[in-house]
2 protein chains.
Amino acid sequence: MAGSTRSTVGGRGAEIQEDGNRRADLIRAAGHLFREKGYEATTIRDIAHAVGMRSGSPFYHFRSKQEMLKAVMLEGLEQVRRALADAAAHEGSPQDRLRAMVRAHLATILEPGADFVPVLLYEWRALPEDMRAEIIAVKERYEEIWDGMLRELKQAGLLQDDDNVTRLFVLGALNWVVQWYRRGERYSVDEIAARAVQFILPQPAVPR
Amino acid sequence: MAGSTRSTVGGRGAEIQEDGNRRADLIRAAGHLFREKGYEATTIRDIAHAVGMRSGSPFYHFRSKQEMLKAVMLEGLEQVRRALADAAAHEGSPQDRLRAMVRAHLATILEPGADFVPVLLYEWRALPEDMRAEIIAVKERYEEIWDGMLRELKQAGLLQDDDNVTRLFVLGALNWVVQWYRRGERYSVDEIAARAVQFILPQPAVPR
DNA sequence: CCTACCGATCGGTAGG
DNA sequence: CCTACCGATCGGTAGG
């Protein structure tokens with residue numbers, strides 16, 4: 001039930017509609033503003049204005065402000081999930097693939113324009129109970145990817161535990177980066193990824 | 001500049017004012033609501049009502065809603081700082097003292113009624129630029145405690161790095177717990193603290 | 001600390 | 001997708 005049906009607007013004439021982009025435009029603008037100012041502090045008028053619409057028009061594309069939030073979050077979740085799945089499919093040692101996953105995860109919250117995932121992470125409260133279910137369903141597919149990786153690392157003797165708590169510690173350390181990372185300052189995303197892997201894995205190569 | 005001067009209200013008569021509690025009451029109620037619903041979604045009326053006041057009355061104690069937020073955050077910061085300093089002053093091995101610090105930190109974000117620190121962590125955006133300076137000053141004194149501990153752990157050969165990035169990873173893992181921990185479910189705060197220490201320190205005791 | 005109130009803004013809708 | 005608009009709410013204030 002993601003994309004609601006789009007009907008011909010005017011009904012008349014042969015105007016080719018470059019439609020569909022408008023909805024995406026709104027999601028992008030909403031994501032950006034939600035991230036910057038927070039959901040509650042962002043106005044429908046802000047969003048409309050950001051894409052050159054008038055205040056009432058976003059409601060042609062979305063039933064409510066909450067639906068816009070849901071769309072932003074689903075977009076973000078789908079984005080990390082895909083990036084993470086790609087990284088997990090890399091070839092190489094478990095460490096290499098962990099590093100690829102960490103880098104992919106960090107990229108989706110730190111790269112310029114990467115607004116969806118941070119919104120997903122920090123605007124839960126604003127989402128009405130019934131909409132959370134849809135998000136949670138997708139979120140589980142995302143967590144499975146991590147769990148697979150952790151299991152592998154443990155089997156390789158590189159990790160002590162591979163349960164939920166471990167995953168939550170790992171994701172906490174990674175998600176928190178969004179709070180302190182400033183682009184162009186000191187560290188690159190790659191450097192932080194490398195450090196994170198080092199932090200997660202006890203002693204990559206101890207002489208024993 | 002914390003507690004603004006309290007002047008006699010009526011000016012007349014010998015009414016002994018049990019004042020001062022009211023301000024604290026407001027801070028507590030605001031903290032709770034800010035945590036639960038977020039700063040923007042919380043109304044001055046909500047806060048007033050929570051302590052049995054009418055809508056205009058909180059402004060007798062605070063100049064603005066933002067001042068209330070600042071008060072909540074300062075309260076939270078002072079609270080963790082103190083708890084952490086106490087824990088750091090414990091006696092015992094570095095591991096023991098780390099565990100005490102982790103437990104103290106988690107307690108101030110997870111225990112019932114512990115609303116201030118989560119607000120501090122997640123409502124930054126709502127605080128106007130000029131008020132942040134005051135918070136940051138106190139925050140640095142808090143970070144120093146962690147840095148001292150990390151330095152010690154590194155010297156004891158229990159940690160690979162003791163720089164800012166490491167501290168931020170540690171705090172990220174800990175602060176994220178507030179997102180997933182539900183009281184009375186599966187793990188106790190102490191258990192999570194123990195697991196966190198295990199996660200932070202690579203192999204507490206490997207036979208080598 | 002209450003009463004009464006204001007100006008501004010906000011999400012959303014009707015009707016085209 | 002625009003115009004015009006509504007009801008509700010919100011932070012804050014005056015005046016006691």
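By convention in this document, chain letters (A, B, ...) are assigned in the order of the sequence lines, proteins followed by strands, and residues within each chain are numbered from 1.
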Filtered N/O pairs between nucleotides 12-16 of chain C and protein, under 3.5 Å:
from   : atom 1 : to      : atom 2 : distance (Å)
C:dG12 : OP2    : A:Lys65 : N      : 2.8

| request: Starting from P on C:dC1, measure out to OH on B:Tyr60 and report it in whole angstrom. | output: 7 Å

| said: Using a 6.0 Å cut-off, check whether atom CZ of B:Arg54 has over 12 heavy atoms from anything other than its own residue. | reply: no

| message | Salt bridge check, B:Arg195 against A:Asp163: does any charged N sit closer than 4.0 Å to a carboxylate O? | response | yes

| Whole angstrom value for the distance that separates P of D:dC2 from NE2 of A:His49 | 12 Å

| query | Can you check the A:Arg23 CZ to D:dC1 P distance for me, whole Å? | reply | 12 Å

| message | From CG of A:Asp25 over to C1' of D:dC1, roughly how many Å is that when rounded to an integer? | response | 14 Å

| message | What stems show up for DNA chain C when you take Watson-Crick pairs (N1-N3 plus N6-O4 or O6-N4) and G-U wobbles (N1-O2, O6-N3), both under 3.5 Å, and require three or more consecutive pairs? | response | C:1-16 with D:1-16

| Nearest-Å distance for atom pair NE2/P, residues A:His61 and C:dG11 | 17 Å

| query | More than 12 foreign heavy atoms under 6.0 Å from CZ of B:Arg151: is that the case here? | reply | no

| said: Apply salt bridge (Lys or Arg N to Asp or Glu O under 4.0 Å) to residues A:Glu67 and A:Lys70 and explain how you reach the verdict. | reply: CA-CA 5 Å; A:Glu67 291 280 356; A:Lys70 192 183 84 177; 3.7 Å; yes

| message | Strictly below 4.0 Å, N to O, side chains only: are B:Glu144 and B:Arg141 in salt-bridge contact? | response | no

| query | Where the side chain of A:Met53 is defined as all heavy atoms beyond and including C-beta, which of C:dG11, D:dC1, C:dC2 is the nearest nucleotide? | reply | D:dC1

| message | Between A:Arg103 and A:Asp190, does any NZ, NE, NH1 or NH2 come within less than 4.0 Å of an OD or OE carboxylate oxygen? | response | yes

| said: Whole angstroms only, please: what is the CG-P distance between A:Asn21 and D:dC1? | reply: 10 Å

| request: Determine the sole option in A:Ile192, A:Val197, A:Leu84 for which the side chain to side chain contact (heavy atoms under 4.5 Å, CB included) test with A:Val102 is passed. | output: A:Val197

| remark: Separation of C:dC10 atom C1' from A:Tyr39 atom OH, nearest Å, is 12 Å

| field | Criterion ring-ring contact (aromatic ring centres under 6.0 Å, His included) on B:Phe169 and A:Phe169, from CA distance to verdict | value | CA-CA 9 Å; B:Phe169 285 153; A:Phe169 285 152; over 10 Å; no

Output a table of donor-acceptor pairs, distance under 3.5 Å, between side-chain atoms of residues 108-119 of chain B and any protein atom two or more places apart or on a different chain; print 'none' if there are none.
from     : atom 1 : to       : atom 2 : distance (Å)
B:Thr108 : OG1    : B:Ala104 : O      : 3.4
B:Thr108 : OG1    : B:His105 : O      : 2.8
B:Asp115 : OD2    : B:His32  : ND1    : 3.1

